[in-house]
Amino acid sequence: MYWADELAAAVAGPQVVNDSKSPSGTVHIGSLRGVVLHDAIHRALLGAGLESRFLYGVDDMDAMDSQALLTPDAVERYMGAPLSRVPAPAGSNAASYARHFVGEIFFKTFEPLGIKPEFYWVSELYAASRMDSYVKLALDRADRVRSIYLRVSHVERPSIWLPIQIICENCGKIGTTYATDWDGSTVAYTCKPDMVSWAKGCGHEGRVSPLGGRAKLPWNLEWAARWGVLGVTIEGCGKDLATTGGSRDRSEAISREVFEVEPPRNVTYEFLNIGGRKMSTSKGQGVAAHTIAEVLPPEQLRFLFLRPRPNQVIDFDPEGDTIPRLFDEFDRIAAATAGREVKGELPSDHERLFAYSLLGPSPDVTGAAAAFRPAFAHLALLLQIPGVDIAARMEAEKGAPLTDMELALLAERVASARAWLESYAPERARLAVRRDEMPAEVGALDEAQRAYLAALAASAEAEKPGSGDAWQTLIFRVASETGLVSGRAFGALYAAFLGRTNGPRAGWLLAGLEPAFVVERLRAAAAVTPA
RNA sequence: GGGCCGGUAGCUCAAUGGUAGAGCAGCAGACUCUUAAUCUGCUUGUUGAGGGUUCGAGCCCCUCCCGGCUCACCA
């Protein structure tokens with residue numbers, strides 16, 4: 001059974017699926033794995049006849065800690081401030097930095113993937129006092145919190161430490177304050193200049209109520225509190241958090257022992273690596289979500305994340321054959337789903353995998369599976385030949401007119417293939433007519449092939465073929481006249497124009513070039529002395 | 001040091017307890033109009049090592065070896 005369906009079969013009653021993201025830091029392609037996974041889980045729950053909500057939270061009470069994202073004059077003032085209070089970059093009319101960044105960049109990648117969670121902003125949960133009862137519990141039971149940190153993670157907190165981060169009333173920063181002395185309604189705090197290295201506190205000291213949005217819980221407690229506030233029943237997380245003694249363990253212990261709430265079911269998911277290496281934006285290895293989305297249409301991007309089980313590493317190297325093969329594998333699964341015979345082994349419940357790769361919430365699986373999908377590599381090739389009518393060629397391949405859905409799929413693939421040719425396609429997938437010099441490969445042609453080229457030059461000059469069809473006919477006819485097997489005739493042409501042993505349909509290739517150049521090159525190639 | 005994932009054909013990978021198999025590469029062949037297409041045939045295995053469970057193990061359990069990521073400060 002498909003893993004998401006297995007999960008859905010294992011639960012009962014109404015479900016709340018939750019995921020969240022801190023808006024600080026760059027969003028790269030790997031960040032989308034969790035989103036797509038949670039969406040698939042949500043759809044699996046609905047498909048199993050359960051009630052389900054899919055929530056997505058933005059951690060905008062977190063402190064701004066990335067200097068690279070601020071203009072230099074804003075660093076002094078906003079480093080350490082809650083992201084909800086950092087203004088959006090110049091030119092944006094968003095209400096805050098967090099809203100700009102997440103709204104403009106991250107959410108725009110959700111919509112095309114057919115993912116529509118209910119968004120919520122953590123700063124609003126605090127401001128609306130929905131977190132207050134958990135803040136009080138955390139402070140009342142600070143000793144329990146400290147002992148959990150010690151027991152689960154071997155982190156020792158001083159006895160005056162309180163699990164709360166106050167927003168400084170003077171400078172507005174949250175990353176620089178240290179709170180002590182909870183008296184049941186207020187805490188004392190100091191905004192320390194040297195609390196953290198990346199932000200400077202103002203030195204203010206005060207006493208304030210931590211409720212109603214004036215403070216936030218530290219990460220692990222906030223996570224647990226949210227499970228309680230929102231009634232979360234399923235929430236996966238990356239393996240960096242799920243390690244023994246790590247964040248997830250701490251939050252689960254806090255949820256049970258401090259808030260007395262049963263934590264949600266976990267689905268730990270592995271990372272997405274690029275070419276066997278971890279993604280790192282600082283090393284230029286990270287692929288921004290919107291960049292890869294130009295090359296991979298939504299369905300293939302979903303497929304990339306949904307085909308492996310969640311706890312398997314995905315090694316995605318956009319170079320080489322990876323992208324064409326991803327399309328081919330998708331098409332194979334589509335064909336199998338449509339009931340056609342395919343080669344090779346299929347994943348268990350491949351039709352479920354196919355359905356979840358389609359854009360939700362309730363796609364036409366049968367129609368999509370049966371649709372004609374042009375082979376990606378073939379399409380990329382055709383795009384490089386001048387004067388090819390792609391739609392007509394595809395119709396000929398299918399043997400029937402394309403439906404509206406198929407035309408849309410074709411347009412989508414054409415755009416992907418163009419983007420691929422410009423970005424990740426290997427040299428061997430790119431065609432280039434060698435205009436400037438004779439390819440060295442011509443030296444490998446034998447006498448019969450050179451004679452063929454000479455004869456073709458003469459015939460072309462006399463008959464002046466004007467179309468791909470006319471050229472193709474001539475190529476075959478001259479081959480027949482000179483007694484050369486057609487495959488070797490084509491080989492000679494590819495060597496003379498492309499410097500390779502094979503290529504696209506030669507007639508259309510030659511028809512796209514200037515007649516004078518074609519004849520001249522044919523003659524020159526025919527005259528080359530064999531190596 | 002702890003955790004997770006992986007190790008299967010020359011390469012990339014599939015196969016969730018039931019005959020180890022695909023793509024690419026290679027070899028041989030077909031084709032007078034898809035020539036990076038299509039079709040036919042062939043070849044390739046100590047499934048990292050060892051033990052265990054089972055009628056049956058690539059898959060489950062145990063012990064190792066190798067590689068990758070991750071955590072151990074904060075969020």
Side-chain angles (χ1 to χ4, degrees), chain A residues 1-3 6 20 22 24-25 59 61-66 83 152-155 165 174-175 195-198 216-223 238-251 268-273 275-280 307-315 317 320-322 324-325 328-329 332 342-350 375 377-382 384-385 393-394 396-397 428-431 468-481 484-491 493-494 498 500-509:
Chain A
M1 200 188 293
Y2 188 68
W3 63 264
E6 263 174 15
S20 63
S22 171
S24 73
D59 298 339
M61 275 291 267
D62 291 7
M64 169 60 103
D65 61 359
S66 177
L83 287 159
V152 177
S153 304
H154 309 290
V155 173
Q165 295 175 334
I174 195 169
M195 173 92 172
V196 290
S197 62
W198 42 272
K216 84 182 279 287
L217 292 165
W219 159 246
N220 289 282
L221 289 98
E222 183 173 286
W223 201 6
K239 70 116 170 267
D240 54 332
L241 302 177
T243 190
T244 301
S247 266
R248 184 78 183 207
D249 275 1
R250 272 196 305 271
S251 291
T268 303
Y269 50 87
E270 262 283 358
F271 287 178
L272 180 141
N273 295 336
R277 295 166 173 277
K278 68 166 187 170
M279 301 229 316
S280 161
R307 193 185 195 294
R309 287 183 293 281
N311 65 352
Q312 280 187 312
V313 181
I314 299 176
D315 190 359
D317 182 355
D321 285 337
T322 306
R325 285 178 50 190
D328 289 348
E329 178 66 0
R332 193 176 74 98
V342 298
K343 289 186 175 175
E345 301 291 329
L346 291 166
S348 68
D349 262 357
H350 59 269
H378 188 43
L379 201 55
L381 173 71
L382 292 176
Q384 298 177 82
I385 306 169
R393 287 291 301 277
M394 290 305 127
E397 274 188 31
R428 66 175 186 280
R430 294 197 173 103
L431 286 181
D469 265 323
W471 264 109
Q472 194 79 355
T473 304
L474 186 64
I475 288 166
F476 275 101
R477 205 192 73 217
V478 173
S480 170
E481 286 167 5
L484 192 66
V485 174
S486 59
R488 299 187 2 100
F490 280 100
L493 291 173
Y494 297 132
L498 304 174
R500 37 196 300 165
T501 58
N502 47 31
R505 298 177 84 202
W508 283 262
L509 176 66

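Remember, predicted model here, so these are calculated numbers, not experimental data. Naming convention: chains lettered A, B, ... in sequence-line order (proteins, then strands); numbering from 1 in each chain.
- In this entry the distance linking CZ of A:F271 with P of B:G6 reads 16 Å, nearest Å.
- Between the base of B:G2 and the side chain of A:T243 there is a donor-acceptor pair shorter than 3.5 Å.
- Taking atom P in both B:G21 and B:G45, the straight-line distance is 12 Å, to the nearest Å.
- Candidate nucleotides B:A22, B:A15, B:C5 were compared by shortest atom distance to the side chain of A:V313, and B:C5 ranks first.
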### Query
Could you spell out the base pairing of RNA chain B in dot-bracket, with Watson-Crick or G-U pairs whose two distances are under 3.5 Å, [ ] crossing and | to another strand?
(((((((..((((....[..)))).(((((.......))))).....(((((..]....))))))))))))....
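- Not one side-chain nitrogen or oxygen of A:K239 sits closer than 4.0 Å to the OP1 or OP2 atom of B:C69.
- For B:G29 and B:G17, the C1' atoms lie 41 Å apart once the distance is rounded to whole Å.
- Comparing the P positions of B:C65 and B:C27 gives an interatomic distance of 42 Å, to the nearest angstrom.
- Checked against B:U16, B:C33, B:A15, the side chain of A:E6 finds its nearest nucleotide in B:U16.
- Between A:D240 atom CG and B:G2 atom P the separation is 20 Å, expressed in whole Å.
- Between B:G18 and B:G58, the distance separating the two C1' atoms is 13 Å to the nearest Å.
- Across B:U46 and B:C11, the matching P atoms stand 12 Å from one another, rounded to whole Å.
- Side-chain contact between A:D62 and A:K216: present, with at least one pair of heavy atoms (C-beta onward) separated by less than 4.5 Å.
- B:G3 and B:U43 are spaced 43 Å apart, taking the C1' atom of each and rounding to whole Å.
- A distance of about 45 Å separates the P atoms of B:C39 and B:C4, rounded to the whole Å.
- Nucleic acid contact for A:T268: none, since no nucleic acid atom lies under 4.0 Å from a heavy atom of the residue.
- A side-chain donor-acceptor contact under 3.5 Å links A:W219 and A:S247.
- Taking atom CD1 of residue A:I314 and atom P of nucleotide B:A14, one finds them 11 Å apart after rounding to whole Å.
- If you measure from atom CG of A:D328 to atom P of B:C13, you get 16 Å, rounded to the nearest angstrom.
- A:E270 comes within contact range of at least one nucleobase, with a heavy-atom separation under 4.0 Å.
- Look at the P atom in both B:U16 and B:C60: the space between them is 11 Å, to the nearest Å.
- Across all strands, A:E481 comes closer than 4.0 Å to no nucleic acid atom at all (heavy-atom distances).
- With B:G2, B:A75, B:A15 as the choices, the nucleotide that has an atom nearest any side-chain atom of A:T244 turns out to be B:G2.
- Atoms CZ (A:F490) and P (B:U34) sit 9 Å apart, rounded to a whole Å.
- Residue contacts shown for A:R325 include a base, since a base heavy atom lies under 4.0 Å away.
- Following rounding to the nearest Å, A:R309 (CZ) and B:A15 (C1') show an atom-to-atom distance of 10 Å.
- A:N311 has no side-chain polar atom (N or O) that falls below the 4.0 Å cut-off from OP1 or OP2 of B:C4.
- Residue A:Q472 places no side-chain N or O under 4.0 Å from the OP1 or OP2 atom of B:U32.
- When the C1' atom of B:C74 is taken as reference, atom CH2 of A:W219 falls 11 Å away, rounded to whole Å.
- What separates CG of A:D315 from C1' of B:G67 is a distance of 12 Å, to the nearest Å.
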